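Structure first, then comments.
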There are 2 protein chains.
Amino acid sequence: MATAENVTEPMASWDPYTRGCPSRDLLDQIGSKWAVLVLGELGKHGACRFTRLRQRLAGVSEKMLTQTLRTLERDGLVRRTVYPEVPPHVEYDLTPLGQTLRGPLRVLTQWSVEHVGEVLAARQEYDVRAEGTA
Amino acid sequence: MATAENVTEPMASWDPYTRGCPSRDLLDQIGSKWAVLVLGELGKHGACRFTRLRQRLAGVSEKMLTQTLRTLERDGLVRRTVYPEVPPHVEYDLTPLGQTLRGPLRVLTQWSVEHVGEVLAARQEYDVRAEGTA
DNA sequence: AGTGGCTACTTACCGATGGAGAGTGATCAG
DNA sequence: CTGATCACTCTCCATCGGTAAGTAGCCACT
């Protein structure tokens, strides 16, 4: 786990339940809407260009895709490779660190797909009860 | 608009990569900042009152805690129990469906705690490179 | 010569979302 | 009749996300 030497302590007291802890921010980032989908897509199909990624993640705006990729790159989860051609050619793929997130995110994604029916049902039930109360 | 068929449908074609798919919304919800922490906390320590929860999730505003709990309740992940006393007494705990999320979320949380050091290091490196470029 | 197209972004604008903090209602202790 | 408790609820403001248009460099077509 200790790959970094000049950085902060190995782990000691990282706790997402503490205000301002970097692990909370990180948890927020990796759990965010577009980051989950970008990482999932790159994990499944390997390296991908900007426009292709944009098509795969139906509904993402260019602004958000750029922003998400920048953050992921800065966090060392995604690698950005530029081929200096015309027209521009840029490819994105997962770093080894990004690879380690594939499992956790796949599990989460699968959960949402598997249980979305139950959740939808619960919502209807809740809404009906709420109307009765109102 | 509540027909039994569209609710109990097993899964068929639910895909978070599709725009407007309920599974994408759900994935977004369960991965959101406060939902992860609320579910994690209720999963670890069991039933909890509002004020106690607010203390444990250092930094959450009352508004967001209320909102998060409402959403989680509506989605059938959290149960809200009111004891009609004065002063008010409300307890929250996980439903069986909520329990099934404990695993996936614990894995994600652990990942962020374990790898936050590497990410912090990557950020520093990125920022140094960016300054050199600028 | 000029127009448009390709690709990967930026930028400007605006409505939606999230956070800080004060207010609310019911009841009882003092 | 003032203050305390608990779980909200409301208001105000800053930040965020989405939409759409602009940018840069080179090429093909007219």
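Chain A is the first sequence line, chain B the second, and so forth, proteins listed ahead of strands; every chain is numbered from 1. Note that this is a predicted model, so its numbers are computed, not measured.
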Whole angstroms only, please: what is the [atom1]-[atom2] distance between [X] and [N]?
X	N	atom1	atom2	result
B:Glu73	D:dA7	CD	C1'	14 Å
B:Glu91	D:dA7	CD	P	9 Å
B:Met64	D:dT15	CE	P	17 Å
A:Asp25	D:dT15	CG	P	16 Å
B:Leu65	C:dG18	CG	P	14 Å
B:Asp28	C:dG18	CG	C1'	14 Å
A:Glu62	D:dG17	CD	P	17 Å
A:Gln67	C:dT11	CD	P	12 Å

message: Would you say B:Tyr17 ends up clustered with B:Leu26 if hydrophobic residues are merged whenever their side chains have heavy atoms under 4.5 Å apart, either directly or through other cluster members?
response: yes
task: Report whether A:Tyr126 and B:Val78 are members of the same hydrophobic cluster (ILVMFWY, side-chain heavy atoms less than 4.5 Å apart, transitive linking).
output: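 In one cluster with A:Tyr126: B:Val78, no.
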field: Atom CZ of A:Arg79: over 12 foreign heavy atoms under 6.0 Å
entry: no
Closer than 4.0 Å, any side-chain N/O of [X] to the OP1 or OP2 of [N]?
X	N	answer
B:Arg54	D:dA7	no
A:Arg49	C:dT7	no
B:Tyr83	D:dA7	no
B:Trp34	C:dT17	no
B:Arg80	D:dC8	yes
B:Arg70	D:dT9	yes
B:Thr51	D:dA7	yes

task: Identify which nucleotide among D:dC8, C:dA20, C:dC9 has an atom closest to any side-chain atom of A:Arg19, counting heavy atoms from C-beta outward.
output: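 That would be C:dA20.
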- prompt: The side chain of B:Lys33 lies closest to which of these nucleotides: C:dG19, C:dA22, D:dG18?
  reply: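 Closest nucleotide to the B:Lys33 side chain: C:dG19.
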message: Please classify the nucleic acid contact of A:Glu85 as base, sugar-phosphate, or nothing, using heavy-atom distances under 4.0 Å.
response: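 Here A:Glu85 touches no strand at all.
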message: Within the 4.0 Å heavy-atom criterion, would you say A:Arg52 contacts the bases, only the backbone, or no part of the nucleic acid?
response: nothing
field: Nearest-nucleotide 5' precedence on DNA chain D, A:Pro87 against B:His89
entry: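 Looking at DNA chain D, the more 5' nearest nucleotide goes with B:His89.
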- request: Please round to the nearest 0.5 Å and tell me the distance separating atom CG of B:Leu69 and atom SG of B:Cys48.
  value: 9.5 Å
- prompt: What's the spacing between A:Ile30 CD1 and A:Leu105 CG if we round to 0.5 Å?
  reply: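 A:Ile30 CD1 to A:Leu105 CG: 6.5 Å, rounded to 0.5 Å.
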- line: Taking for B:Pro88 and for A:Val86 the nucleotide of DNA chain C with the nearest heavy atom, the one nearer the 5' end belongs to A:Val86
message: Quick check: on DNA chain C, is the nucleotide nearest B:Lys63 upstream (toward 5') of the one nearest A:Thr66, or the reverse? Name the residue that is more 5'.
response: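 That would be A:Thr66.
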Steps toward side chain to side chain contact (heavy atoms under 4.5 Å, CB included) verdict (A:Arg24, A:Thr18): CA-CA 8 Å; A:Arg24 176 184 286 187; A:Thr18 304; 5.9 Å; no
